[in-house]
Amino acid sequence: MRHPSGRAPRAWRSASLVATAAALLALTTACGQEKGDQSPNGQNVGNQAPAKADGYGADDGYGADSGAADEGAGAKAKPAGQLAVWDSKKLGKVVTDSAGFTLYRFDKDTAQPPKSNCDAACLKLWPAAPADGAKAAPGVDGSLLGEVTGVDGTKQLTIDGWPMYRYAKDTKPGDAKGQGVGGVWYAAAPDGKKASPPAAGTDPSETAPDKTAPPEAAPADPAGLSTRKDPKLGEIVVDRNGMTVYRFTKDSAWPIKSNCVGACAEKWPAVAPVDKADTKGIAKKGYMTYDRPDGGKQQTIDCWPLYTFAGDKKPGDTNGQGVGGTWYAVSPDGKAVGAPR
């Protein structure tokens, strides 16, 4: 109801101002505050409802159920982006896309010459990973990457000639539910071969059980993000492979923004999203994913984008520390270790 003068009543205007202030507070608490894990450029990780199949798999002789196929029909395949390597105790080294989703190969395809034999119905269950914008995982020969035209005209990513796919029932990074489906689908290794755990050594002492020692439980796969004690830097964040995680001081946390693109992103690959449940010792404040300008997704801590460094060749390396006065290892709460205050 309006006032006879034509102006809104004072009580209504006050209520509107309060509502606006509350909405602004809800946004600004996402980064650097305890409340909320959302930002205008990020999305919550780990405390959200399970993702739908979103076009990543099903089974009609290809390895999942027809319901999943219907759900995935018409979904647009997402770019593979910056590839990464997941070192699984069960599967060995597995190649993933920029979001951390497992990539698969199909035994009915061929690598020489590259050819996809996954037809239209199959692609609803096992969407082709697009070749456009795909970049080799750090430490992997980029010349192994190629492309092939699929039956739907898509330029599909190949690794050493083998076409790459995703799987619908993989709903979060680190899933590998497509492994062995139908006896024809397998997680791909970084060189395009089927992923497989390291073979046991030929030394009998490596394979024969020690009957005098008590049985021990098999070690669990390392967390997607965890910490380690560095002798010089203290407690710092590392990825699943034990590689040091870094921050770029030219980025911003509010709004979340990465200023490392193009050639910079090749030297400093973005850390792919990691579910909150797949972390250990990491602060959950401002823990969310960021939609990068190059189309990939990137994990953040305290809303700061995270990276690894191509110059680090093995776990424990910190060759990126202090590079250019802008790159620093990350503390468990997201701070740049050793950066000038």
Side-chain angles (χ1 to χ4, degrees), residues 37-38 42-91 93-106 118 121-130 134 137 156-157 164-182 184-188 195 220-225 239-240 270-280 282 284 287-292 295-300 306:
D37 275 342
Q38 291 279 344
Q43 66 185 52
N44 200 354
V45 176
N47 285 345
Q48 56 195 18
K52 293 185 178 180
D54 199 26
Y56 289 87
D59 186 345
D60 311 6
Y62 292 105
D65 58 78
S66 58
D70 293 339
E71 186 175 344
K76 185 178 179 180
K78 300 175 183 178
Q82 173 66 60
L83 304 185
V85 178
W86 167 36
D87 198 354
S88 167
K89 296 288 188 207
K90 295 180 179 178
L91 302 178
K93 293 187 182 298
V94 176
V95 66
T96 72
D97 66 12
S98 62
F101 283 86
T102 300
L103 297 183
Y104 297 88
R105 45 171 279 175
F106 185 31
C118 186
C122 169
L123 288 171
K124 293 177 182 178
L125 319 177
W126 301 87
Q156 182 175 3
L157 173 66
M164 293 290 114
Y165 306 83
R166 299 183 179 101
Y167 181 46
K169 289 190 175 180
D170 287 349
T171 57
K172 64 180 185 298
D175 279 354
K177 298 175 183 177
Q179 175 69 7
V181 167
V184 291
W185 291 94
Y186 296 93
D221 282 352
L225 285 175
D239 68 8
R240 190 184 303 277
V271 172
V274 177
D275 192 272
K276 280 185 178 180
D278 191 23
T279 65
K280 184 177 180 181
I282 305 297
K284 302 304 190 296
Y287 190 89
M288 64 187 73
T289 58
Y290 161 67
D291 294 325
R292 289 179 53 78
K297 290 184 179 295
Q298 184 170 11
Q299 185 61 55
T300 73
L306 304 178

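This chain uses plain numbering: 1 for the first residue, then up along the sequence.
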Can you measure from [atom1] ([X]) to [atom2] ([Y]) and round to the nearest 0.5 angstrom?
X	Y	atom1	atom2	answer
Asp239	Gln299	CG	CD	12.0 Å
Tyr165	Leu123	OH	CG	6.5 Å
Cys118	Gln156	SG	CD	7.5 Å
Lys297	Met288	NZ	CE	13.0 Å

Testing the basics here: between [X] and [Y], what is the closest heavy-atom pair and its distance to 0.1 Å?
X	Y	value
Pro130	Ala134	O-CB, 4.4 Å
Gln298	Arg292	OE1-NH1, 2.7 Å
Thr171	Lys177	OG1-NZ, 4.3 Å
Asp275	Tyr287	O-OH, 4.2 Å
Val274	Gly224	CG1-CA, 3.8 Å
Tyr290	Thr300	CB-CG2, 4.0 Å

Item checked: Heavy-atom check, side chain of Phe101 versus side chain of Pro173, under 4.5 Å ->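 Counting from C-beta outward, Phe101 and Pro173 do come under 4.5 Å.
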Checklist line | Sub-4.5 Å side-chain heavy-atom contact between Arg105 and Met164 | finding: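 Side chain of Arg105 against side chain of Met164, heavy atoms only: contact under 4.5 Å found.
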Margin query: Going by salt bridge (charged side-chain N to carboxylate O under 4.0 Å, His left out), name the residues that satisfy it together with Lys280, two or more places apart in sequence or in a different chain.
Written below: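 Lys280 satisfies salt bridge (charged side-chain N to carboxylate O under 4.0 Å, His left out) with no other residue.
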Check: Parallel, tilted or perpendicular for Trp185 and Phe106, by the 30°/60° rule?
Finding: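 Answer is parallel, since the angle falls under 30°.
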Margin query: Could you tell me if Ser98 and Lys78 have a donor-acceptor pair between their side chains, going purely by distance under 3.5 Å?
Written below: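 No, no side-chain donor-acceptor contact under 3.5 Å.
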Partner set under side-chain contact (heavy atoms from CB on, under 4.5 Å) for [X], not counting sequence neighbours:
X	value
Thr102	Trp86, Val94, Tyr104, Asp170, Ala176, Ala187
Gln82	Lys135, Pro138, Pro269
Ala84	Thr96
Ala272	none

Notebook entry, point to check: Got a salt bridge between Arg166 and Asp97, using NZ or NE/NH1/NH2 to carboxylate O under 4.0 Å?
Noted result: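 Yes, charged N to carboxylate O under 4.0 Å.
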